[in-house]
Amino acid sequence: MRSVRTLKTFLAVVQFGSFAAAGHAIGLTPAAIGLQIRSLEDELNQPLFDRAARSVVLNTAGRKLVPAIQDLVLRHEALAAGADTDELSGTVVMGALISALMGSFADALWTIKKQYPRLEVRLLAGQSDDFMRKVEHGQLDGAVVIRSPHALPSNLIWTPLYREPMVLIAPRHPHFSLSADPIEMLRNCPFIRFDRTTWTGYLVSEVLRQCHVNPTDAMELNSFEAIMEIVRQGFGLAIVPKLANVDWSSDRGLMIIPLPCVVLERDVGLLERTSHLRTGFTDAIKQYFIDHKTQPGKKALG
């Protein structure tokens, strides 16, 4: 069986996408990386990557091996440290929506880190659909994402943490006429849309469908912060989730308007593999939200 060093080299190539980038990260030449990967492939009697001139891409066989190899490396590191693999110490790699980091998840993470000082959390911000692939392939131990509009792969499980109602945000000082009726606002005012290819963008489209409105899109973005700032400056309206644990009422540039007849909420939860070695950490996240069903003091939005 390959040494743990070879397995770590394999994971580095998976993470960085080329022999050169992986070699730079772990201090080996691209040729040495290539020899280790070829030796591993020979031992397993199958190629693990599709090779191109400047990059390598995991093939189906390689993707299937990533979680098992990650588990082997983690078990070895835990043995070397003399620690239980479920103990809240060592390094955990998590993904999280930027909007979750603006709200409740940041509080959960801070609380757990204070309780377990030996725990190191590497946090990647991004979008739900990207995180699903990375969790499935073992590149992340888990991710805080919204509920997928599609069925999950059989090796993944999603646990709900909290819910956020979908609301209309409008500028207090608009550069256009603003009706008192939210449906008329949506029909007649420029609309700043959240990227419709994302899971949250899908929810926004569903809200508009429930409102029977086809707005005039002025802009389409995939950043909550950018959307809210554009609305603050008076250039349009937007539909967004009302972020948990954030004090929306104190924002001097925005009006938060409930939408009539809209029953959709954004469900935020924890995505993880059905079997992995960081269940101590993911269980602590889930327990935090069980213990904090009533929200603590809220933070100002801006």
Side-chain angles (χ1 to χ4, degrees), residues 1-83 85 89-98 101 118-145 153 155-156 197-198 222-223 271-278 281-282:
M1 182 58 194
R2 293 288 94 199
S3 70
V4 172
R5 180 177 297 177
T6 300
L7 299 181
K8 288 182 176 179
T9 299
F10 168 81
L11 294 176
V13 176
V14 171
Q15 179 180 359
F16 295 104
S18 72
F19 291 167
H24 180 74
I26 64 177
L28 293 175
T29 65
I33 295 280
L35 284 173
Q36 287 192 38
I37 296 300
R38 180 65 69 187
S39 179
L40 179 60
E41 291 176 324
D42 288 345
E43 184 167 315
L44 296 173
N45 199 30
Q46 59 184 342
L48 304 176
F49 295 93
D50 295 327
R51 290 163 170 80
R54 295 186 178 181
S55 66
V56 289
V57 179
L58 274 177
N59 60 23
T60 301
R63 285 194 296 272
K64 289 180 178 178
L65 279 176
V66 169
I69 288 177
Q70 276 211 325
D71 286 350
L72 283 171
V73 170
L74 288 171
R75 288 181 188 276
H76 177 269
E77 290 177 347
L79 286 171
T85 55
S89 62
T91 302
V92 176
V93 185
M94 286 286 295
L97 299 168
I98 294 174
L101 294 174
R118 294 178 58 207
L119 178 69
E120 178 185 352
V121 181
R122 289 181 54 204
L123 203 57
L124 304 178
Q127 301 294 336
S128 294
D129 48 352
D130 293 333
F131 288 147
M132 183 178 73
R133 291 187 289 271
K134 290 178 179 179
V135 172
E136 183 182 11
H137 299 155
Q139 295 170 272
L140 294 173
D141 295 309
V144 176
V145 301
N155 65 332
L156 295 181
T197 66
T198 65
N222 67 354
S223 164
L271 184 70
E272 59 190 314
R273 294 188 299 282
T274 52
S275 176
H276 65 97
L277 291 181
R278 293 304 189 215
F281 177 76
T282 55

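Annotation for Phe131 and Ala143: closest pair CB-CB, 3.7 Å, computed over non-hydrogen atoms. Here the shortest heavy-atom pairing between Pro30 and Ala20 reads CG-CA, 3.8 Å. The two residues Phe19 and Gly34 have their closest heavy-atom pair at CE1-CA, 3.7 Å.
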> Going through the distances and angles, do Ser18 and Val13 end up as a side-chain contact (heavy atoms from CB on, under 4.5 Å)?
Replying inline: CA-CA 6 Å; Ser18 72; Val13 176; over 6 Å; no
> Stepwise, does the side-chain contact (heavy atoms from CB on, under 4.5 Å) test hold for Asn222 with Gln127?
Replying inline: CA-CA 9 Å; Asn222 67 354; Gln127 301 294 336; 4.2 Å; yes
>> Between Phe49 and Val14, is the side-chain contact (heavy atoms from CB on, under 4.5 Å) condition met? List the steps.
In response: CA-CA 9 Å; Phe49 295 93; Val14 171; 4.2 Å; yes
> Between Gln36 and Thr9, does a side-chain hydrogen bond (donor to acceptor under 3.5 Å, both in side chains) hold up when you go through it step by step?
Replying inline: CA-CA 7 Å; Gln36 287 192 38; Thr9 299; 2.8 Å; yes
> Passes side-chain contact (heavy atoms from CB on, under 4.5 Å), Leu65 versus Leu58? Steps please.
Replying inline: CA-CA 10 Å; Leu65 279 176; Leu58 274 177; over 6 Å; no
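A donor-acceptor pair under 3.5 Å is absent between the side-chain atoms of Glu272 and the main chain of Gly142, judged by distance alone. Side-chain atoms of Asn59 come within 3.5 Å of backbone N or O of Pro47 as a donor-acceptor pair. Between the Asp141 side chain and the Val92 main chain, no donor and acceptor come within less than 3.5 Å of each other. Using a distance-only test at 3.5 Å, with no hydrogens or angles considered, a donor-acceptor pair links the side chain of Arg278 to the main chain of Thr91. In terms of modelled atom types and a separation under 3.5 Å, the side chain of Arg273 and the main chain of Val135 share a donor-acceptor contact.
Atom CD1 of Ile69 is separated from atom NZ of Lys8 by 13.5 Å, given to the nearest 0.5 angstrom.
Using a 4.5 Å cut-off on side-chain heavy atoms (C-beta onward), Met132 and Pro153 make contact. Residues Phe10 and Arg5 fail the side-chain proximity criterion, which asks for heavy atoms closer than 4.5 Å. You'll find the side chain of Ile98 stays beyond 4.5 Å of the side chain of Ser223, heavy atoms only. Side-chain atoms of Leu271 and Leu156, non-hydrogen and from C-beta on, do get closer than 4.5 Å to each other.
Under 4.0 Å is where a charged nitrogen must lie from a carboxylate oxygen, and between Arg38 and Glu41 at least one such pair does.
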